[in-house]
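Worksheet: the structure to be examined is printed underneath.
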Amino acid sequence: MNATTTSLADLATTRPAASRIFHRHGLDFCCGGKRRLDEACAELSIDPITVLHEIEAEETGTEDVEWGTRPLGELIEHIVDHYHRRLREEIPELITLARKVENVHASRADAPVGLAAHLTMIHEAVLDHLEKEEQLLFPMILAGAGGQAAAPVRAMEHEHDDHGANLRIIRSLTNQLSAPDDACETWRALYLRLAQLELELMEHIHLENNVLFPRALRG
């Protein structure tokens, strides 16, 4: 099969560096993961062959884990220990930074007004989401009852869509995460860390939507 006709989700699942390259080009591999690479690239006027070459170059010498072949228990442990932990630690700090930037630069037209409030809402939604996964869905999967988890999986996927929409609002509030040329260090650091949050949340959603959930539902 021509690799350019492979879905973003399949590439992100089987090529360890794909998610980083997709994020670099603004290709949504989590909620929009079912689209073919060539179709997604065409929408953004990107050469899909170039994307594939970048994936290959990125993978040279890397030691990324192919989570599609690892035991489900190991994958869940990785999701909780890495992605869930990071979200719990990082979002409160981002809220603090956003409040500082808004307060100091409130008079500027390019200040990210409303960002702290939006991040606070995201924090509450994310904490609720993580709790439901860790207390309900993940124990079901670990107990071998993943085939009976269709309803909670659908609920989590719906909430993942909401997370994706919230990321887009962050971009609209921050001029696509682009700080002004004369921005202070705190402002620049805030946007840099928001970009990392976006990447990690997209990787997190991808691992659940396109790797963990399909495998768990097969029983």
Side-chain angles (χ1 to χ4, degrees), residues 1-72 74-76 78-79 82-83 87 129 133 137 141 146-147 149-172 174 176-178 194-219:
M1 177 186 294
N2 184 343
T4 62
T5 63
T6 305
S7 73
L8 298 177
D10 285 345
L11 286 169
T13 300
T14 59
R15 302 294 299 270
S19 62
R20 291 195 294 273
I21 301 302
F22 291 163
H23 182 263
R24 188 177 302 164
H25 287 287
L27 294 164
D28 179 7
F29 58 89
C30 50
C31 299
K34 293 182 173 61
R35 291 179 302 163
R36 291 174 15 170
L37 174 64
D38 54 359
E39 295 171 344
C41 286
E43 293 176 7
L44 299 177
S45 300
I46 300 170
D47 180 7
I49 299 298
T50 298
V51 172
L52 290 172
H53 287 166
E54 290 180 14
I55 291 172
E56 183 175 355
E58 186 85 357
E59 287 176 347
T60 302
T62 64
E63 297 180 355
D64 294 282
V65 176
E66 294 186 9
W67 289 109
T69 63
R70 303 302 301 166
L72 289 182
E74 187 177 328
L75 173 55
I76 288 174
H78 171 67
I79 289 171
H82 179 71
Y83 293 106
L87 285 169
H129 181 86
E133 287 189 336
L137 180 55
I141 295 172
V153 163
R154 283 196 299 270
M156 294 301 97
E157 289 177 333
H158 178 73
E159 293 184 9
H160 288 167
D161 289 341
D162 293 339
H163 297 333
N166 284 331
L167 289 177
R168 291 190 289 274
I169 293 173
I170 288 176
R171 281 191 164 267
S172 71
T174 60
Q176 301 301 311
L177 298 175
S178 177
L194 284 171
Q196 183 64 27
L197 173 74
E198 179 184 72
L199 172 59
E200 291 193 359
L201 187 54
M202 291 182 72
E203 289 178 342
H204 177 187
I205 292 173
H206 157 68
L207 280 178
E208 294 186 358
N209 280 7
N210 301 319
V211 183
L212 176 62
F213 295 165
R215 291 180 61 194
L217 289 173
R218 288 196 294 268

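None of the values given here were measured: they were computed from a predicted structure. The first residue in the sequence is number 1, and the count goes up from there.
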Could you list the donor-acceptor pairs under 3.5 angstrom formed by side chains in residues 44-53, with sequence neighbours left out?
residue : atom : partner : partner atom : Å
Asp47   : OD1  : Ile49   : N            : 3.1
Asp47   : OD2  : Thr50   : OG1          : 3.1

(message) To check you understand the geometry: which heavy-atom pair defines the closest contact between Ala18 and Ala12, and what is its length?
(response) CB-CA, 3.8 Å
(message) Just verifying a value: how many Å separate Ile76 CD1 and Leu212 CG, rounded to the nearest 0.5 Å?
(response) 5.0 Å
(request) For Glu66 and Thr14, run side-chain contact (heavy atoms from CB on, under 4.5 Å): C-alpha distance rounded to whole Å, both residues' side-chain angles, the deciding distance at 0.1 Å, then the answer. (result) CA-CA 7 Å; Glu66 294 186 9; Thr14 59; over 6 Å; no
(request) Starting at CG of Leu8, measure out to SG of Cys31 and round the result to the nearest 0.5 Å. (result) 12.0 Å
(request) Would you mind listing every salt bridge (Lys or Arg N to Asp or Glu O under 4.0 Å) that reaches into residues 200-212, with sequence neighbours excluded? (result) Arg86-Glu200
(message) Which residues pass the ring pair (Phe, Tyr, Trp, His ring centres under 6.0 Å) test with His82, not counting sequence neighbours?
(response) His78
(request) Please report the closest heavy-atom contact between Gly33 and Ser7, naming both atoms and the distance. (result) O-CB, 3.6 Å
(request) Hey, could you give me the CZ/CD1 distance between Phe22 and Ile55, rounded to the nearest 0.5 Å? (result) 4.5 Å
(request) Take Glu159 and Met156 through the test side-chain contact (heavy atoms from CB on, under 4.5 Å) and record every step on the way to the result. (result) CA-CA 5 Å; Glu159 293 184 9; Met156 294 301 97; 3.9 Å; yes
(message) Does atom CD (Glu74) have a neighbourhood of more than 12 heavy atoms from anything else shown, all under 6.0 Å?
(response) yes
(message) I need the Leu11 CG to Phe29 CZ distance, nearest 0.5 Å.
(response) 11.5 Å
(request) Search all heavy atoms of Trp67 against all heavy atoms of Val211 and return the closest pair with its distance. (result) O-CG1, 3.8 Å
(message) If the condition is salt bridge (Lys or Arg N to Asp or Glu O under 4.0 Å), which residues does Arg154 pass it with, not counting sequence neighbours?
(response) none
(request) Report the distance from atom CD of Glu58 to atom CD1 of Ile21, rounding to the nearest 0.5 Å. (result) 4.0 Å
(request) Return the set of residues passing salt bridge (Lys or Arg N to Asp or Glu O under 4.0 Å) with Asp10 (not counting sequence neighbours), or none when no residue passes. (result) none
(request) Kindly say whether Ser19 contributes a backbone atom to a donor-acceptor pair with the side chain of His206 at under 3.5 angstrom? (result) no
(request) May I ask you to decide if the ring planes of His160 and His129 are parallel, tilted or perpendicular, using 30° and 60° as cut-offs? (result) tilted
(message) If the test is side chain to side chain donor-acceptor pair (under 3.5 Å), which one of Thr6, Thr5, Thr4 qualifies with Asn2?
(response) Thr4
(message) Can you pull out every salt bridge (Lys or Arg N to Asp or Glu O under 4.0 Å) where at least one residue sits in residues 25-35? Sequence neighbours excluded, please.
(response) Arg35-Glu43
(message) Just verifying a value: how many Å separate Met202 CE and His163 NE2, rounded to the nearest 0.5 Å?
(response) 13.5 Å
(request) Measure across Arg70 and Arg215 and return the closest heavy-atom pair with its distance rounded to 0.1 Å. (result) O-NH1, 2.8 Å
(message) With heavy-atom distances below 4.5 Å as the criterion, would you say the side chains of Ile205 and Asn210 are in contact?
(response) no
(message) Restricting to non-hydrogen atoms, name the atom on Leu37 and the atom on Ala3 that form the minimum distance, rounded to 0.1 Å.
(response) CD2-O, 4.2 Å
(message) Could you check whether any side-chain N or O of Asn209 sits under 3.5 Å from a backbone N or O of Ala9, counting only pairs where one atom can act as donor and the other as acceptor?
(response) no
